[in-house]
Amino acid sequence: MSAALPVTRALFDEVMVPNYAPAPIIPVRGQGSRVWDQDDREYVDFAGGIAVSSLGHCHPALVNALTEQAGKLWHLSNVMTNEPALRLAKQLVDNTFADKVYFANSGAEANEAALKLARRWALEKFGEHKQDIISFGKSFHGRTFFTVTVGGQAAYSDGFGPKPAAVLHAEFNNLDSLKALISDNTCAVIMEPVQGEGGIIPATAEFIQGVRELCNQHNALLIFDEVQTGVGRSGKLYAYMHTPVVPDILTSAKSLGGGFPIGAMLTTTEIASHLKVGTHGSTYGGNPLGCAVAYAAIDTINQPAVLDGVLAKEALFRAELEKINAKYHVFSAVRGQGLLLGAALNEQYKGRSRDFLLAAAAEGLFVLMAGYDVVRFAPSLVIPDADIIEGMARFDRAVAKVVQG
Ligand SMILES: *Cc1c(COP(=O)(O)O)cnc(C)c1O
């Protein structure tokens, strides 16, 4: 088979497992917050590869980090350590609550490590009774069998045989429902500071603080899944930094690599000591290419000008969405934090987020869904204001089309 094989969307249905339903177009290149497809049609990108392309497409700092490392050393495995991994770990430790870092290749893997660590910590410190993991309805923590079982949508974990046991679900933003489930048998509570896939639902300040207090009362670890909220997306390096609460374990991925697959689990020295030699691992975790790129991403993003810029761009997004809503009356609320925003559809348009996504694509704009009732925006953290204005002009036309039927 030659490299000149004509590649079309039809080929997807021929050769790919049918678990995805990708758009009809095939993008071939990107620059900043613009993307071009096979026919050289140009799009404004408000999707960011699902909150991943934190510095847009082909940011020079990331291209330089990747190509420089690509000419030096790609892979060793964890039989040896490497310079980029140690530099990145030191950078994460210096800039967060954490003392120790474990590297994985995705958000699910970072959470898998966090959950296994919590179980092992509880077993060694308290004994076999302390196994319960509590998460929240509508939460999303990844697609491995453990993480998808912990996630708040049974539909994603049903149909694969017996699930990992001792996993309980409370209601998000409802402390009483957590109180009813948490006990001295609880080893960990895992939550997203802003639920992403579940519909862009921020945890209230009281809820976050209440969860921390309940965990303290029952000697349970608090795990913050910051896979979607992390690395500047909230306007701070991690969303927990907006609160007085500090988690025991934090997971990061998505924006961390700016498009290069990498995940990380951060924790304290005491908790980390329970992942002894041989208890967990990954062939690729901490590989030099991913770590070199992630270091450059954090180095670029964790600057006052960029983080303040996220908040300024959030304000611009909200103002533009309000203008559109004043014209067409389609949203009941715009919610979220920083550049992770959701426009919740009102009663009249509930269930139709996909129609908005398709209409936007037809106008040359990428947006996301967060369930069928919410249009989600997770653009580059450095998207130029002019691209926000142009994207919103396209979104205005898309919304008009949906409203006109
Ligand atoms: C996307 C996501 C994950 C899973 O990350 P993958 O890299 O797809 O495995 C886990 N948690 C949250 C909050 C996410 O948004």
Side-chain angles (χ1 to χ4, degrees), residues 17 19-20 22 47-54 102-118 133-153 156-157 164 167 169 172-173 188-203 208 211 222-234 237-240 247 249-266 280 282 284-287 290-291 293-294 297 335-342 368-371 374 376-379 381:
V17 167
N19 63 316
Y20 302 117
I50 316 188
V52 166
S53 309
S54 45
Y102 168 84
F103 289 120
N105 310 292
S106 66
E109 281 181 49
N111 284 328
E112 184 85 14
L115 296 167
K116 284 178 73 177
L117 170 57
I133 289 164
I134 303 179
S135 78
F136 297 97
K138 290 191 170 179
S139 65
F140 184 79
H141 300 297
R143 296 283 200 154
T144 66
F145 204 20
F146 197 179
T147 56
V148 83
T149 301
V150 168
Q153 280 181 280
Y156 290 166
S157 54
V167 174
H169 295 93
F172 195 62
N173 277 336
V189 176
I190 181 168
M191 66 178 282
E192 299 157 83
V194 179
Q195 286 194 333
E197 303 304 308
I200 313 297
I201 305 167
I208 292 180
V211 173
L222 176 57
I223 304 171
F224 269 13
D225 177 345
E226 292 228 30
V227 169
Q228 193 150 167
T229 54
V231 193
R233 187 151 298 279
S234 72
L237 184 60
Y238 286 100
Y240 83 86
I249 301 177
L250 180 149
T251 54
S252 188
K254 289 202 167 102
S255 289
L256 180 60
F260 198 96
I262 181 168
M265 177 191 72
L266 281 55
H280 192 57
S282 160
Y284 290 117
N287 99 82
C291 291
V293 174
R335 61 195 183 215
Q337 193 175 34
L339 287 175
L340 179 58
L341 293 170
L368 296 164
M369 304 160 51
V374 178
R376 173 172 34 161
F377 306 89
L381 307 182

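Everything quoted here is computed from the prediction, not taken from an experiment. Counting starts at 1 for both ligands and their atoms, following the listed order.
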| query | Looking only at N/O atoms, are His141 and ligand 1 under 3.5 Å apart anywhere? | reply | no

| message | Looking at Ser53 and Gly259, would you say the former's side chain and the latter's main chain have a donor-acceptor pair under 3.5 Å? | response | no

| field | Geometric N/O contact Gly107 with ligand 1, under 3.5 angstrom | value | yes

| note | Under 4.0 Å between heavy atoms, the region of Glu226 that gets near ligand 1 turns out to be neither

| field | Which of the ligand 1 atoms, numbered from 1, are nearer than 4.0 Å to a heavy atom of Ser106 | value | 7 (O), 9 (O)

| field | Test item: Glu192 side-chain N/O and Phe140 main-chain N/O as donor-acceptor pair under 3.5 Å | value | yes

| request: Report yes if Gly142 has an N/O atom closer than 3.5 Å to an N/O atom of ligand 1; otherwise report no. | output: no

| field | Subset of ligand 1 atoms that lie under 4.0 Å from at least one heavy atom of Lys254 | value | 1 (C), 2 (C), 3 (C), 14 (C), 15 (O)

| Atoms of ligand 1 close to Asp225 [distance to a heavy atom under 4.0 angstrom, numbered from 1] | 10 (C), 11 (N), 12 (C), 13 (C)

| field | Greater than 12 external heavy atoms within 6.0 Å of Tyr284's OH | value | no

| query | Does Ser135 reach the main-chain N or O of Val150 with its side chain, forming a donor-acceptor pair under 3.5 Å? | reply | yes

| Is the backbone of Ile201 close enough, under 3.5 Å, to the side chain of Arg335 for a donor and an acceptor to pair up by distance? | no

| What part of Asn111, side chain, backbone, both or neither, has a heavy atom within less than 4.0 angstrom of ligand 1? | side chain

| Taking both backbone and side-chain atoms of Ala108, is any N or O found less than 3.5 Å from an N or O belonging to ligand 1? | yes

| message | Does ligand 1 come near enough to Glu192 that some N or O of the ligand is less than 3.5 Å from an N or O of the residue? | response | no

| request: Determine the sole option in Thr147, Thr251, Asp225 for which the side chain to side chain donor-acceptor pair (under 3.5 Å) test with His141 is passed. | output: Asp225

| field | Rounded distance [0.5 Å steps], CG in Leu340 versus CZ in Arg233 | value | 6.5 Å

| Is a side-chain N or O of Gln228 found less than 3.5 angstrom from the main chain of Ala51, in a donor-acceptor match? | no

| said: Determine whether any protein heavy atom is located less than 4.0 Å from atom 8 (O) of ligand 1. | reply: no

| Does Gln228 reach ligand 1 with a nitrogen or oxygen that is under 3.5 Å from one of the ligand's nitrogen or oxygen atoms? | yes

